[in-house]
Participant: 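Once you've had a glance at the structure underneath, I'll fire off some questions.
Bear in mind that the values here come from a model prediction, so they are computed numbers and not experimental data.
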Amino acid sequence: MGSAASGEAIRSINAWSSATRTPQASATRKVIEEFGSLTFNEEVQRARLPKDVFRALRRSIAQSEPIDAAVANIVASALKDWAVEHGATHYTHWFQPMTGITAEKHDAFLNPTGDGRAVAEFSGKELVRGEPDASSFPSGGMRSTFEARGYTAWDPTSPPWLLVTSNGTTLVIPTAFVSWTGEALDKKTPLLRSMDALSKQAIRVLRLFGSKAHHVFATCGPEQEYFLIDRQFFFNRPDLINAGRTLFGAKPPKGQEMEDHYFGSIPDRVLAFMMEVERELYKVGVPVKTRHNEVAPSQYEVAPIFENANVATDHQMMTMEMLRRIAPKFGLACLLHEKPFAGVNGSGKHVNWSISDDAGSNLLNPGDTPHDNIQFLVFCAAVVRAVNKFQGLLRFTIASAGNDHRLGANEAPPAIISIFLGDMLTDIFQQIERAGSAKTTKSGGILDIGVSVLPKLPRDAGDRNRTSPFAFTGNKFEFRAVSANQSIALPIVGLNVAVADSLDYCATELEKNLKEGKKLHAAVKALLVKLVKDNKRIIFNGNGYSEEWQKEAARRGLLNHRTSVDAFGEAMKKDVVAAFEKYGILTERELKARYDVAVEQYNKSINIEAQLMVLMGNRYILPATFRYQRELGEAVAAVKAGGCTSKETKKTLDTVCRLTDQCKTRVDALQALLEHNEVEDAEAHAKYFRDKVVPAMAALRESGDSLECLIPQDLWPLPTYREMLFVK
């Protein structure tokens, strides 16, 4: 029962609090020494590889060149020796299939010898290529069960690392995953392709401005929001175990309305968990920087420093796995679902995205006088064009059944994709539209707090906007619509493709004008005016939650896909398919596979949740209500037998009976809807789930939550929001 789970949770918290713990001495020095200690990083490579091999490997990484077989053999030998010295017995090609999580198959280094002994061996061939079964991963129809062969391909740009557990150590090698036909079955392959495409088009633009950069890459720093609850509660909630979110749960007397959790004091047990996660992430080279309480009770956040977007994607998957893996050590369960609790903040994964060159320059850094920084203005305007032209693609990249519960409320952005530029950049772009060029940059000035002892603060030229799905935040854009539970690979691919297309457009226009004899400044001026006029509809600095914005967005012709089912089709629009094929990111068949997998995962998610609701209604909620009906009936009969009347007791019995009947009727109705035969068209089935099943689930939840508010705690079988969110 819920009350029993609450008691166990409180006992485990007390037991944890009373345990003796000795603070680590010189923690800062130890962290610095341990950072990257379990990664085969550049420092280790320099120490263990011959100089010519080290230079060849770093050149391959920097310039995206294939690695020679002889070099791979030497790297493999050094990598094996390093891993074995750290206690590794196995290695795994770690990849990211279209399930949205990671996958791994472990192989031993040990090979038997003729004399009955064994030696540790690892060849360049084993490093470069693995051969897992590809038939049981989502493929969107690209592979059948009898077409099982797949390959993993070593990604040298993402450092190998060691997975250390209490029972042993495994060398983890980040890889791409493709089919026997060479088609991408994973999330890394299109990401790497999109990085190359973005670099090629960005270099074309940079060359026009005299840059000598050889390579450009997307960078990102994905913030990760998550919930922590006691494991006793988690294991007593079948919906959390199987669906990752609560399918029933009445609003607690206190939620987040007091706004006292955000940036509040971190509970001891949670802080200890955070520190352990950070230590383990530091060892494998993940540069986590920030930790804090988030808005909702029991919600928290961890955020890293900017990195190469491919490495950041791998590190993000490692972070999610580390959060899940370490939470049980502290008697906790980590919830990464987009909306584990109704009525409070959902969890996002705000992806801070920018572009840098190999000289270390951030191409989206406006500088002190952005109105004079024409290179920045071209790159920024290219991003504006990209989001405007490919708003549907970007909406598709964050579409899922879980994110449908989150978008549009509680600090999550709306489903309408728009750009927040802030007052400074908006003013510059307006000057460009009106006069052809910008002459001034707004200054925020100095903020005088009015207290003599406090310093005067430099003020930014514009405020921030938490309701924007895509916001400029100083020297980067923050894609806030990405959800907590998803890989960041597809949203980054969408951004890279869209921006590559825009930079291609900009480079082509400038090259044409320069060839016709125009000066660079005049050509850029004409380009910027056109970019601003053609794409200004996507810029919106106001309240994204307001009804007025819904109407204004419609007037501007912006897309408003309120559900993921509405957004899925955007992946197969002609301009999207053309862009993916033009830049060699995904073929139409490969892109169609992503569409098919997204629709399939939506259908499976809703079906699982609906089946769970039927199960929980029949096996948890209704039995509890029947027991309470009996208790109330016996109380009414006893009062009557004693010669008294109790109108309120009878009224309560009537209410419970009515809600119980309603609940049972809605359970049966939902069960009947699930007996619907699936049609061959997966999207049509998704629309059926959206239009029929999801509303039936909402109705059943309403009945269950109403009953929760009436049933005594000792009879209610599920931990409640009041317990899960506040017992820490």
Participant: In this structure, which one of Phe726, Phe248, Tyr721 forms a ring pair (Phe, Tyr, Trp, His ring centres under 6.0 Å) with Phe341?
Facilitator: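 Going through the options one by one, the only one that passes is Tyr721.
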
Participant: Carefully, step by step, assess Arg48 and Phe40 under the rule side-chain contact (heavy atoms from CB on, under 4.5 Å).
Facilitator: CA-CA 10 Å; Arg48 289 181 171 267; Phe40 194 70; 4.3 Å; yes

Participant: Can you name the one residue among Lys339, Gln224, Gln299 that meets side chain to side chain donor-acceptor pair (under 3.5 Å) with Ser347?
Facilitator: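 With Ser347 as partner, side chain to side chain donor-acceptor pair (under 3.5 Å) holds for just one option, Gln299.
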
Participant: Quick test of your reading of the model: are Arg279 and Glu276 salt-bridged, counting only N-O distances below 4.0 Å?
Facilitator: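 Glu276 and Arg279: salt-bridged.
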
Participant: Go through the steps to decide whether Met724 and Arg237 satisfy the test side-chain contact (heavy atoms from CB on, under 4.5 Å), and finish with yes or no.
Facilitator: CA-CA 10 Å; Met724 289 185 288; Arg237 293 285 314 208; 3.8 Å; yes

Participant: Testing Thr89, Val164, Thr92, Asp107 one by one against Thr170 for a side chain to side chain contact (heavy atoms under 4.5 Å, CB included), which residue passes?
Facilitator: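 Of all the options given, the one that passes is Thr92.
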
Participant: Please tell me if the side chains of Lys349 and Val482 come closer than 4.5 Å, counting only heavy atoms from C-beta onward.
Facilitator: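 Contact flag for Lys349/Val482 side chains = yes.
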
Participant: Go through the steps for Asn403 and Ser400 under the test side-chain hydrogen bond (donor to acceptor under 3.5 Å, both in side chains), then give the verdict.
Facilitator: CA-CA 5 Å; Asn403 216 13; Ser400 68; 5.1 Å; no

Participant: Could you go through Asp705 and Lys251, starting from their C-alpha distance and side-chain angles, then the distance that decides it, and tell me whether this counts as side-chain contact (heavy atoms from CB on, under 4.5 Å)?
Facilitator: CA-CA 8 Å; Asp705 292 355; Lys251 182 179 178 181; over 6 Å; no

Participant: Going from CZ on Phe306 to OG1 on Thr219, what distance comes out if it is rounded to the nearest 0.5 angstrom?
Facilitator: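 Output value for this atom pair is 4.5 Å.
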
Participant: Identify the two heavy atoms, one from Pro174 and one from Asp314, that lie closest to each other, and give their separation to 0.1 Å.
Facilitator: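 Looking at all heavy atoms of both residues, the shortest contact is CB-OD2, 3.6 Å.
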
Participant: Which is it for Thr720 and Glu723 under the side-chain hydrogen bond (donor to acceptor under 3.5 Å, both in side chains) test, yes or no, and what are the steps along the way?
Facilitator: CA-CA 5 Å; Thr720 64; Glu723 297 166 313; 3.3 Å; yes

Participant: Take atom NZ in Lys728; do more than 12 heavy atoms of anything else shown fall under 6.0 Å from it?
Facilitator: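 Yes, NZ of Lys728 has more than 12 neighbouring heavy atoms, counting only those of other groups under 6.0 Å.
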
Participant: Can you tell me how far the CD atom of Gln316 sits from the CD atom of Glu223, to the nearest 0.5 Å?
Facilitator: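 Between Gln316 CD and Glu223 CD, I get 10.5 Å after rounding to 0.5 Å.
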
Participant: Nearest 0.5 Å please: distance from the CG atom of Asn308 over to the CG atom of Asn310.
Facilitator: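 Going from the CG atom of Asn308 to the CG atom of Asn310 covers 5.5 Å.
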
Participant: Would you please say whether a donor-acceptor pair under 3.5 Å links the side chains of Thr152 and His93?
Facilitator: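 The criterion, which ignores hydrogens and geometry beyond distance, is satisfied for His93 and Thr152.
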
Participant: Find out whether Gln232 and Val727 are in side-chain contact, i.e. whether some heavy atom of one side chain is under 4.5 Å from a heavy atom of the other.
Facilitator: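 With C-beta onward as the side chain, the pair stays apart.
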
Participant: Are side-chain heavy atoms of Phe470 and Leu495 found at a separation under 4.5 Å?
Facilitator: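 Yes. Closest side-chain heavy atoms under 4.5 Å.
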
Participant: Return yes when atom CZ of Arg619 has more than 12 non-hydrogen atoms of other residues, nucleotides or ligands closer than 6.0 Å, and no otherwise.
Facilitator: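 Open.
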
Participant: Do NZ/NE/NH1/NH2 and the carboxylate oxygens of Lys188 and Asp155 come within less than 4.0 Å?
Facilitator: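 Result for this pair is yes, salt bridge flagged.
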
Participant: Would a distance-only check, ignoring hydrogens and angles, find a side-chain to backbone donor-acceptor pair under 3.5 Å from Glu708 to Leu718?
Facilitator: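 No.
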
Participant: Sort out for me which residue in Glu294, His292, Arg291, Met274 forms a side chain to side chain contact (heavy atoms under 4.5 Å, CB included) with Tyr300.
Facilitator: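 Result for side chain to side chain contact (heavy atoms under 4.5 Å, CB included) with Tyr300: Met274.
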
Participant: For His405, run the side chain to side chain donor-acceptor pair (under 3.5 Å) check against His337, Glu338, Arg245 and tell me which one passes.
Facilitator: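 Among the candidates, only Arg245 passes.
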
Participant: Can you find a heavy atom in the side chain of Val302 that is under 4.5 Å from one in the side chain of Met322?
Facilitator: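 Heavy-atom side-chain distance check fails, nothing below 4.5 Å.
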
Participant: Using atom types as modelled and distance alone, determine if a side-chain donor or acceptor of Glu34 lies under 3.5 Å from a backbone N or O of Lys283.
Facilitator: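 No; judged by distance alone, with no hydrogens or angles, the pair does not exist.
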
Participant: Supply the atom-to-atom distance Cys220 SG to Ile355 CD1, rounded to the nearest 0.5 angstrom.
Facilitator: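 Output value for this atom pair is 12.5 Å.
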
Participant: Is the His106 ring parallel, tilted or perpendicular to the His90 ring (thresholds 30°, 60°)?
Facilitator: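 Ring orientation, 0 to 90° scale: tilted.
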
Participant: Is the number of heavy atoms from other residues, nucleotides or ligands under 6.0 Å of Tyr620 OH greater than 12?
Facilitator: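 Incorrect, the count does not exceed 12.
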
Participant: Show your working on side-chain contact (heavy atoms from CB on, under 4.5 Å) between Leu335 and Leu240 and close with a plain yes or no.
Facilitator: CA-CA 8 Å; Leu335 308 180; Leu240 285 178; 4.0 Å; yes

Participant: Are side-chain N/O atoms of Ser483 and Asn485 paired as donor and acceptor at under 3.5 Å?
Facilitator: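 Side-chain D/A pair, Ser483 to Asn485: absent.
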
Participant: Kindly indicate whether the side chain of Phe330, heavy atoms from C-beta on, has any atom under 4.5 Å from the side chain of Leu228.
Facilitator: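 Phe330 does not reach Leu228 side chain to side chain.
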
Participant: Taking the side chain as every heavy atom from C-beta outward, state whether Leu171 and Phe109 have any atom pair closer than 4.5 Å.
Facilitator: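 A side-chain contact under 4.5 Å exists here.
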
Participant: Are the side chains of Ser356 and Asn362 in contact, using a 4.5 Å heavy-atom criterion?
Facilitator: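 Asn362 reaches Ser356 side chain to side chain.
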
Participant: Rounded at 0.5 Å granularity, tell me how far CH2 in Trp154 sits from CD1 in Ile173.
Facilitator: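 It is 8.5 Å, given to the nearest 0.5 Å.
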
